[in-house]
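Since the structure comes first, as structure tokens, the remarks are kept for the end.
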Amino acid sequence: MKIDVISIFPEYLAALELSLIGKARTSGLLDLTVHNLRDWTTDKHRTVDDTPAGGGAGMVMRADVWGAALDDVLGAAADADADEGANGDVEAGATEEGPVLLIPTPTGRVFDQRMAEELAGEDHLVFACGRYEGIDARVAEKFSERVRVVEFSIGDYVLNGGEVAALVAIEAIGRLSPGVVGNPESLIEESHGAAGLLEYPVYTRPTSWRGADIPDVLLSGDHARITRWRRRKALARTAKRRPDMLIDRAEPLTMEDKLAL
Ligand SMILES: Nc1cc(-c2ccc3ccn(Cc4ccc(CN5CCCCC5)cc4)c3c2)n[nH]1
């Protein structure tokens with residue numbers, strides 16, 4: 001998978017050089033490049049913003065600078081002439097092929113595990129990280145004529161820019177890409193994974209700690225019993241913390257599940 005990130009704070013994405021994502025980059029599993037938006041400015045002050053049309057507080061990021069950057073980073077997919085068919089007709093509209101342009105914004109579709117799974121199957125993702133009061137709306141509008149554009153939020157709170165949202169999305173997507181996470185098993189039982197429940201509590205040595213012991217069942221070696229115990233714990237935790245996850249389930253609860261609630 002190829003990922004490009006464009007930002008005026010490229011150093012914000014340095015965290016992606018660490019740990020599993022960092023290893024995936026070194027091993028070539030993940031081809032990740034971070035670009036500085038200011039490299040596409042043409043004035044000596046490398047200006048990327050201007051005052052909001054219609055007035056209002058703050059500044060807005062300019063469409064011309066973003067357009068130049070995205071033309072380069074999205075490559076052929078964004079070029080107007082690349083869409084001309086044999087007879088010169090311009091095929092309008094984004095295709096299911098080609099890169100996906102991901103734009104973090106407080107007003108976007110809320111990113112979740114399902115969205116991570118959808119995007120993990122893509123070949124090329126381009127993240128446009130805005131700052132100030134956001135990016136000129138014509139950028140998403142014009143590029144959606146050429147490529148798939150996804151405006152996404154990572155939750156109902158306001159950040160100062162898109163970089164943190166890009167970090168969250170890249171980590172959630174990157175770890176689903178084949179080979180990035182050592183043990184694919186660990187992806188199955190996750191809180192928002194296949195089971196659709198919050199995950200069960202985990203324990204490890206020391207067996208006894210400040211008077212609190214590991215539950216006996218986990219030391220029993222009886223794996224069928226351990227699996228049942230974990231399922232019951234996951235259900236109880238989900239019922240208590242996220243009852244919404246128990247409604248309209250992809251996998252209906254079994255009778256044993258319901259008795260455990
Ligand atoms: N999940 C989530 C993602 C983001 C996010 C993502 C990308 C950017 C780029 C800039 N900011 C800051 C910012 C601040 C305040 C506003 C409000 N808006 C301004 C214009 C007039 C109407 C009101 C918008 C953008 C961003 C914030 N926050 N939270």
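Note that ligands are numbered from 1 as they come in the structure, with each ligand's atoms numbered from 1 the same way.
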I'd like to know if Arg46 pairs up with Asp39 as an ion pair, taking the criterion as any Lys NZ or Arg NE/NH1/NH2 lying under 4.0 Å from an Asp or Glu carboxylate oxygen.
yes
N/O donor-acceptor pairs under 3.5 Å from side chains in residues 98-105, not counting sequence neighbours:
from, atom 1, to, atom 2, distance (Å)
Thr105, OG1, Thr107, N, 3.2
Thr105, OG1, Thr107, OG1, 2.8

Near ligand 1, which protein residues have a heavy atom under 4.0 Å away?
Pro104, Thr105, Pro106, Gly130, Arg131, Tyr132, Glu133, Gly134, Ser153, Ile154, Gly155, Tyr157, Val158, Leu159, Asn160, Gly161, Gly162
Which residues share a ring pair (Phe, Tyr, Trp, His ring centres under 6.0 Å) with Phe152, sequence neighbours left out:
Phe111
For residues 201-208, please give each side-chain donor-acceptor pair under 3.5 Å, one per line with the distance, not counting sequence neighbours.
from, atom 1, to, atom 2, distance (Å)
Ser208, OG, Asp213, OD1, 2.6

Under 4.5 Å between any side-chain heavy atoms of Ile154 and Leu159, yes or no?
yes
Please examine the side chains of Glu256 and Arg231, heavy atoms only from C-beta on, and report whether any two atoms are closer than 4.5 Å.
no
